[in-house]
Amino acid sequence: MAKKDLNDDLFGAGSISDGKKKSKGSKKSKSLKISSKKGISANSLKIIKSVVAVVIVVALIVTYVATGAVRKGFIHSTLQWTTHLTAVTVKSDDGEKIRIPVSTYNYYFAMAYNNLVQTQSTYEQYGLDLDTYNMNVDFDKPLSSQTTKNDDDETVTWLEYINDQVVETIKTNYSYYNEAVKANGGEEPEITEEQQSELDSTLNEYKETATGYGYTLSGYLVAAMGKGVTESVYRREAKISYIAQNYSSSLTEEASNKEYTDDDFNTYRDEHLSELQSVNIRIFEANTEDDAIAFKNALNADASNFTDLAVQYSDEGFEKDYYSDDGATTKLYATRDSLSQIGAYAIAVADHNHEEGEEHSDDEELVYPGLDWLFSTDRTAGEIYQYSTTVVYIISPVTLSDVSTVNVRHILISPITDEEDTTSPKDATTEQWNTALSTAKDILDEFNNGDRTEDSFAALATENTTDTGSGSNGGLYENVSPGDMVSTFDTWCFSDGRANGDTAIIKSEYGYHIMYFSGQTGTPVWKNTAKNALSSADATSAAEQLEESYTATVNWLGSRYLEKDVDIDR
């Protein structure tokens, strides 16, 4: 049986959204976090070809399996001897050696192979030409007979490419795992209850599927993943991956808790000033350039009719009501990066120095004339600018603001109440939106009729919110910076005069948000950005040092028994 048949059941065919164009204002807050892409960006196209993640976690099951699977007599054979034959040796700088058996290698190979299948499926869903993006692998032919380019732009076979990725992933996973054990006094750390539950649940689902096709669980895993990948091997490697993942996260957390001096912050500020400066603007993205021109020509000098025009030039339905709120078209303390990440404004799109549809080259210098204009020190308050389909009114020009990050709680009431309903809230009926608003008002009334404390609001949030990202935390988001949240949410938080304990109901594409302002943190947004950047750099440095202290070599004899090509019996 070809590997992709059974493995589709284990790993799924890889599904993303259908790639439909997002409408204006399609942005998410942290649980809801700002989305920066329409479809797949050029940068993501490069990254996604890496067929193995740094730390592999348990794959999710999708119900799809070919019937009548017979593995040439191996259906009851788990080939336990493969756990005693070394495939790869991972070695640390201090001489420690970790023997990786063939069965473990085959586990990672199966993960990598199916990741590649899913990646290609993603490209096809977006209608991308596989030849253009060097993803034209044919899974019905031996991988060893097809070539691609590796990360060093060398021509290699697809089998060599995957094998290199697998060896690197094994090295990375086991280096983090080994360091986690050493940091825990030589004892293997426990994984979390949630991780253990996920692993048990996944294998229980596999077992049900295996039984339906006449397999034992181990026989099924061997059939789908390769020689020696029994239940015990799967459990063991998944646990090691979790431990590695947890240790990696602990390094990031350690870096995030590091204290930096004023000199550190000031040095970062001076070196990244243009990235930290921000503007206050009104901004609207029209459907056509003609609409944008008409919008600009009709805009009053003081922008007093900006909201009316936004409603006029927005699409029928949800957007008409959404843009009736000034906050929907207001960006306070917006940086160049935050506008680019939203991915919804023509003014933040680079001019291209290549043919349309071609990928950015690594050395291509991107030019952003719209952002260059907006963030020029020549700008003054009250200027109006139209760039392609974007219209901008400058409330206040570029500066390094000392505005503080904020803590805020909210209760999200979605107009979609059925968890199984795949309809976007934006497509909800008027009746559903009205019901959601009525519910939000009732909850706010309950709060106002009570003791009006933050604790009581948190309790209502835990009980009522449909925001899975903050529900368990009483609806709390901490250290919120401008640009983190959807526009109406963002604008409310950073409006002048916002005071502790303020409440309101605002609307976004996710539903109605009952807001509670917890207060300013006292940390300027630019300093919070600098802190995140410095700690991220330190975490990256620590990870690189760890990974560079380990090497991995393939054992010649063991390599004779590794899985390869398409059919795992070859």
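Keep in mind that the numbers below use all heavy atoms, side chains included, and drop hydrogens, waters and symmetry copies. It should be emphasised that the depicted structure is a prediction, and the values quoted were computed from it without experimental measurement.
K239 places a side-chain heavy atom less than 4.5 Å from the side chain of E190. The shortest side-chain heavy-atom distance between E253 and S256 falls under the 4.5 Å cut-off. Looking at heavy atoms from C-beta onward, K426 lies out of side-chain contact with Y510 at the 4.5 angstrom threshold. Contact annotation: the side chain of I98 never approaches that of T89 to less than 4.5 Å [non-hydrogen atoms, C-beta and beyond]. Residues I411 and H513 form no side-chain contact, since every pair of their non-hydrogen atoms from C-beta on lies 4.5 Å or further apart. Within the 4.5 Å cutoff, the side chain of N163 has heavy atoms near those of the F109 side chain. Side-chain contact between V181 and Y247 is absent, with no heavy-atom pair separated by less than 4.5 Å.
Side-chain polar atoms of Q195 and N246 form a donor-acceptor pair below 3.5 angstrom. No side-chain donor-acceptor contact under 3.5 Å links S218 and T216. Side-chain atoms of N555 and T86 form no donor-acceptor pair, as typed in the model, at a separation below 3.5 Å. Between Y550 and E179, the side chains place a donor N or O and an acceptor N or O closer than 3.5 Å (distance only, hydrogens not considered). Counting only N and O atoms by type, the side chains of Y123 and N136 include no donor and acceptor under 3.5 Å apart. A donor-acceptor contact closer than 3.5 angstrom is absent between the side chains of T172 and E547. Side chains of T148 and N134: a donor-acceptor N/O pair is present below 3.5 angstrom, by distance only.
The closest donor-acceptor contact from the side chain of S121 to the backbone of V117 lies at 3.5 Å or more, if one exists at all. No side-chain donor-acceptor contact under 3.5 Å links N178 to the backbone of S175. Under the 3.5 Å distance criterion, the side-chain polar atoms of N479 are left unmatched by any main-chain donor or acceptor of N407. A distance-only check finds no donor-acceptor pair linking the side chain of N184 to the backbone of A180 [under 3.5 Å]. Between the side chain of D467 and the backbone N or O of L412, no donor-acceptor pair lies under 3.5 Å. Side-chain N or O atoms of S197 include none that pairs as donor or acceptor with a backbone N or O of E194 at under 3.5 Å. Side-chain atoms of T122 come within 3.5 Å of backbone N or O of Q118 as a donor-acceptor pair. No donor-acceptor pair under 3.5 Å is formed between the side chain of S470 and the backbone N or O of N473. Between the side chain of D484 and the main chain of V480, no donor-acceptor pair closer than 3.5 Å is present. Formation of a donor-acceptor pair under 3.5 Å by the S201 side chain with backbone atoms of E198 is not found in this model.
Not counting sequence neighbours, the partners of R236 by the salt bridge (Lys or Arg N to Asp or Glu O under 4.0 Å) test are E188. For T147, the side chain to side chain contact (heavy atoms under 4.5 Å, CB included) partners two or more places apart in sequence, or in a different chain, are T155. Among residues two or more places apart in sequence or in another chain, the side chain to side chain donor-acceptor pair (under 3.5 Å) test is passed with E168 by none. Residues satisfying the salt bridge (Lys or Arg N to Asp or Glu O under 4.0 Å) test with D129, not counting sequence neighbours, are none. Among residues two or more places apart in sequence or in another chain, the salt bridge (Lys or Arg N to Asp or Glu O under 4.0 Å) test is passed with D153 by none. Partners of S249 by side chain to side chain donor-acceptor pair (under 3.5 Å), not counting sequence neighbours: none found. Residues satisfying the side chain to side chain contact (heavy atoms under 4.5 Å, CB included) test with A458, not counting sequence neighbours, are R409. Scored by the side chain to side chain donor-acceptor pair (under 3.5 Å) test, E154 finds N150 as partners (sequence neighbours excluded). Residues that satisfy the ring-ring contact (aromatic ring centres under 6.0 Å, His included) test with F318, not counting sequence neighbours, are Y322, W433. In terms of the side chain to side chain contact (heavy atoms under 4.5 Å, CB included) criterion, residue partners of V137 (sequence neighbours excluded) are, by chain and number, L116, Q120, F139, L143, Q146, W158. By the side chain to side chain donor-acceptor pair (under 3.5 Å) test, D538 is found to be paired with K258, Y260, residues two or more places apart in sequence or in another chain being considered. In this view, E96 and K182 satisfy the salt bridge (Lys or Arg N to Asp or Glu O under 4.0 Å) rule, not counting sequence neighbours.
Atom CD1 of I240 is separated from atom CD1 of I191 by 11.0 Å, given to the nearest 0.5 angstrom. Taking CD from E208 and CG from L203, the interatomic distance works out to 11.5 Å, rounded to the nearest 0.5 Å. A distance of 3.5 Å separates CD of E237 from OG1 of T104, quoted to the nearest 0.5 Å. Note: E160 CD to S144 OG = 9.0 Å, rounded to the nearest 0.5 Å. Atom-to-atom distance recorded for L460:CG and I443:CD1 is 7.0 Å, nearest 0.5 angstrom. To the nearest 0.5 angstrom, T132 atom OG1 is 8.5 Å from L128 atom CG.
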### Task
Kindly indicate, with the supporting measurements, whether the criterion ring pair (Phe, Tyr, Trp, His ring centres under 6.0 Å) is fulfilled by H410 and F489.
CA-CA 9 Å; H410 83 131; F489 191 121; 5.3 Å; yes

### Query
Would V90 and K97 count as a side chain to side chain contact (heavy atoms under 4.5 Å, CB included) if you check the C-alpha gap in whole Å, the side-chain angles of each, and the deciding distance to 0.1 Å?
CA-CA 6 Å; V90 177; K97 290 184 178 180; over 6 Å; no

### Query
side-chain hydrogen bond (donor to acceptor under 3.5 Å, both in side chains) between Q196 and D200: does it pass, once the steps are laid out?
CA-CA 6 Å; Q196 186 63 57; D200 291 341; 3.0 Å; yes

### Task
Determine, stepwise, if the pair S103 / T230 fulfils side chain to side chain contact (heavy atoms under 4.5 Å, CB included).
CA-CA 8 Å; S103 55; T230 61; over 6 Å; no

### Query
Passes side chain to side chain contact (heavy atoms under 4.5 Å, CB included), V167 versus Y105? Steps please.
CA-CA 8 Å; V167 171; Y105 188 98; 4.0 Å; yes

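Between P415 and G511, the closest heavy-atom pair is CD-CA, 3.7 Å. Listed here is the closest heavy atom pair of K207 and L217: N-CD1, 3.8 Å. When every heavy atom of G228 is checked against every heavy atom of V222, the shortest pair comes out as N-CG2, 4.2 Å. Across every non-hydrogen atom of A428 and I416, the tightest pair is CB-CD1, 3.8 Å. In terms of heavy-atom proximity, G226 sits nearest to N106 at C-ND2, 4.3 Å. Across all non-hydrogen atoms, the minimal contact from A112 to I162 is CB-CG2, 3.8 Å.
No more than 12 heavy atoms of other residues, nucleotides or ligands lie within 6.0 Å of CD in E254, so this atom counts as exposed by the packing criterion.
Remark: aromatic rings of Y234 and Y107 are close, center separation under 6.0 Å.
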